Every structure is written in C-alpha cells, then in structure tokens.
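Fair warning: this is a prediction, and the values are worked out from it, not measured in the lab.
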Amino acid sequence: MPFIVGAYAAAPRGLEPGTRFRTYVDDVLALPAVDGLEVPFQGHGSAWNDPAYLHATAVASEHVLTMIPATIMALAGAPAQGLASSDDGGRKQAVEQLRRAFEFVTAVNEGPGGTITAVEVHSAPRRPFTSADAFRASLDEVLSWDWGGTELLIEHSDAHSDDHQPAKGFLPLDEELAVAAQRGIGFSVNWGRSVIETRRVGGAREHLAAVVARGRLGALVFSGVSDADTLDGPAWADLHLPIRDWSDAPVAAEAATSLLTADEVRACVDAASEPRFVGVKVSSPSTAGPAECLNLVAANVAIVADAVQRARSRG
C-alpha cells in the first residue's frame, strides 16, 4: 500500500522551479513511510509538470496525478467545462485537458525514475451542467487510450447541496460510485471533502463505508477542514488543513479548529481495508517558512503512517 503525499499543498509560498523546488521534493520523499507524491496537473509552465524531477525520483517511487487543480482553474473561466458536462463543447475541452495529462504521464513513465501509477479524475462541472451520462461518455473515451500500467481513480469532491454553498458541487457519491462500478475503475476518498459535503465528521466514514461496500476503494487521502474561519479562509473551505494538534509550535495554530484528529485518522484507516494508496494532503499556513512546511508534512505523515502500522499489526 504505497503512501503518497500531496506536497504541493504544503509547499512554501513562491516556490519556483530550480534548486529550492528540487530540495523540497527530495526532502518530502526522504521522509519515513513516503513512497511517492500526489502530483498536481496544472499545465505548461508549472514546476510540478516538468517530468525531469520525477525522473530523478527513486525507481520504486509510485506517484499519483490529480486533475483537480487544472479542473478548478478551467472552471473559473469556463463553468460548463468538465468530464461530466452536459455541454458537449465543455466536455470535449475537459477530455482534451486530460489528454495533455495523459501525454505528461507517458513522458514521465517512459523515462527513468519513479512512475505515475494512478490518475485522479473528477465529475466536474457543477449544476446545471453536470451529468452522469456525460461522465460515462468521457471515461469511455479516455479509457480507450493506452495508459500502460496507470489506472484511473474517481476522486469524490463535495456534491451539490440545497442547504449550503458547495466548495465543488460535482456529482453525488452514489452516481459516481455507479459509474466507477460500470466502468471497472477505482475510487478515491478525501476525508476533508466528504466532511465539507456532509457538514459532519462522521460523513467521511459514511462515504468510506459506501465505497468499501462496493469494492471500489483505490485511495484514502487525509485532508482536514474547519467549521470556523481560519487565517487563510472561511469555515468549510477546501483548504486541506492539517491534523489537529500535530504540533504545539506556533505554526500549528492554523489547525487548532481542524475537525481531523489522530483518532479519526485511525478509525478511517481501520475501516478502509487496505486501499491501493493511502496519503496525506495538508496545507501550510501562508506565513510558514520552508523548514516549517517540511516539519508540518513530516508530522502529519507520521500520524497517518502510525495509524496504518497499527492497523497492520492488528490484522
């Protein structure tokens, strides 16, 4: 069960391509238990989408590419764009965006070093354009490409709600699970996004149980969320807050209201039944320096890794 880290979320602000970027990546990958990165697909010009640094990672490294940054950036200018769009033009734009990601995956995997073994896709856009039938059509097209050993995972984002403004507002869990089962692909659960949707800590475990019951769990990733405003955003924002009480240092104050606790991590790991990947994606406060960012990642990785080890020792 490879352990992945969404290091991009915790990276020091203003991190540019070059020595500091490579040092940060190398330091994260050197942490105990870490097997690879959750790599953000952001497109041309992003340091994260230069195959060279992944070619320099260990051959045994297994990385996961997430399409969520590119998806959200596209929606800002084209609200009908997405793999699940009922607008055919918007759907085709999203497929083309995923084709560029496919080309990036191919470039990485044909070179030396670690490989991208999974790609997380999303059921954007939000209402009134979202459609499960359109999502199936897009997946049928992209699954026909030669991905080699790389698998697709549907990562659930918070669905539409009539009770509150969603952070993402994509397809409901049950519709995504049906598509995953029909197309024979796996599923990724992000703790924070499930809690954002349900407005309850228990909501993440409910989503996890539903995915496990269908035999679809491919990844379990831990990000926190707060029901109160924080330094970097409002309550219920998808900010990837760290695990509460990860440290007593001042930099940990941002996580004081995080709903994600070590006990909740252990409960979810116990319920997950050995997913293909387990991971952490937490953000650093905007005021954090490079050393503080790395310490934050290391401490949160250690909490989740300990939960995994405890579950294995009991199993």
Side-chain angles (χ1 to χ4, degrees), residues 4-6 9-10 38 66 68-69 71-72 120 122-124 126 153-177 187-214 216-246 252-273 275 277-285 296 299-301 303-304 307-308:
I4 59 169
V5 178
E38 184 187 46
T66 175
I68 196 65
T71 298
I72 297 303
E120 293 172 317
H122 307 83
S123 63
R126 61 173 59 187
L153 299 173
I154 297 173
E155 183 186 34
H156 181 63
S157 300
D158 67 300
H160 173 81
S161 173
D162 291 328
D163 299 322
H164 58 260
Q165 179 72 14
K168 301 290 190 294
F170 299 163
L171 282 176
L173 181 77
D174 57 347
E175 293 190 34
E176 290 180 336
L177 271 174
F187 212 85
S188 177
V189 174
N190 179 289
W191 190 93
R193 288 175 180 152
S194 290
V195 173
I196 288 170
E197 176 180 331
T198 62
R199 295 298 201 255
R200 293 179 293 104
V201 168
R205 273 185 266 175
E206 292 168 7
H207 282 188
L208 181 59
V211 177
V212 170
R214 296 290 292 268
R216 292 288 117 199
L217 186 62
L220 172 62
V221 178
F222 290 98
S223 297
V225 65
S226 176
D227 58 357
D229 293 350
T230 66
L231 174 67
D232 289 323
W236 302 115
D238 191 7
L239 296 176
H240 313 300
L241 290 180
I243 299 165
R244 190 195 308 168
D245 298 329
W246 67 269
E254 180 79 343
T257 59
S258 176
L259 299 176
L260 180 58
T261 64
D263 286 344
E264 185 63 23
V265 169
R266 286 191 287 270
C268 288
V269 168
D270 288 346
S273 185
F277 300 93
V278 67
V280 172
K281 177 161 62 178
V282 291
S283 63
S284 59
L296 180 151
N300 282 262
V301 165
I303 292 169
V304 178
V308 171

Distance in Å, Phe222 CZ paired with Ile243 CD1, rounded so as to fall on 0.5 Å steps: 7.5 Å

Heavy-atom pair with the smallest gap, counting every atom of Val225 and Gly192: CG1-O, 4.1 Å

Beyond-backbone contact of Val201 with Trp191, side-chain heavy atoms, under 4.5 angstrom: yes

Straight-line distance of Ile72 CD1 to His122 NE2, nearest 0.5 Å: 8.0 Å

Separation of Arg200 CZ from Leu259 CG (nearest 0.5 Å): 12.5 Å

Contact check, side chains of Thr261 and Asp245, non-hydrogen atoms, under 4.5 Å: no

Atom pair CG (Asp174) and CZ (Arg214), whose distance is rounded to the nearest 0.5 Å: 9.0 Å

Main-chain N/O of Leu171 paired to Ser123 side chain as donor or acceptor, under 3.5 Å: yes

Check against side-chain contact (heavy atoms from CB on, under 4.5 Å), Asn300 and Val5: CA-CA 10 Å; Asn300 282 262; Val5 178; over 6 Å; no

Sidechain-backbone polar pair: Ser258 side chain, Pro242 backbone, donor-acceptor under 3.5 Å: yes

Shortest non-hydrogen contact between Ser194 and Gly203, atoms and distance: CB-O, 4.3 Å

Closest non-hydrogen atom pair, Asp232 against Ser284: OD2-O, 4.3 Å

Counterpart residues, salt bridge (Lys or Arg N to Asp or Glu O under 4.0 Å), relative to Glu38 (two or more places apart): Lys281

Ring geometry between His156 and Phe187 (parallel below 30°, tilted from 30 to 60°, perpendicular above 60°): parallel

Polar side-chain atom of Asp158 near backbone of Arg193 as donor-acceptor pair, under 3.5 Å: no

Point-to-point distance, once rounded to the nearest 0.5 Å, from CD of Glu254 to CG of Leu239: 7.5 Å

Derivation and outcome, side-chain contact (heavy atoms from CB on, under 4.5 Å), residues Val265 and Leu260: CA-CA 7 Å; Val265 169; Leu260 180 58; 3.8 Å; yes

Thr257 side chain vs Ser226 backbone, donor-acceptor pair below 3.5 Å: no

Distance (rounded to the nearest 0.5 Å) between Leu153 CG and Leu217 CG: 9.0 Å

Full working for side-chain contact (heavy atoms from CB on, under 4.5 Å) between Thr198 and His207: CA-CA 10 Å; Thr198 62; His207 282 188; 3.8 Å; yes

N-O pairing of Glu264 and Arg205 below 4.0 Å: yes

side-chain contact (heavy atoms from CB on, under 4.5 Å) between His164 and Trp236, intermediate numbers included: CA-CA 10 Å; His164 58 260; Trp236 302 115; over 6 Å; no

Closest contact, heavy atoms only, Val195 versus Ala204: CG2-CB, 3.8 Å

Minimum heavy-atom distance between Ala271 and Val212, given as atom pair plus value: O-CG2, 3.8 Å

Where Leu173 and Ala210 come nearest, the two heavy atoms and their spacing: CD2-CB, 4.1 Å

Any side-chain heavy-atom pair of Asp163 and Arg199 under 4.5 Å: no

Pairwise side-chain contact, Leu177 with Ile154, heavy-atom cut-off 4.5 Å (strictly under): no

Under 3.5 Å: donor-acceptor pair, side chain of Glu155, backbone of Ser188: no

Pro285 side chain reached by Leu296 side chain, heavy atoms, under 4.5 Å: yes

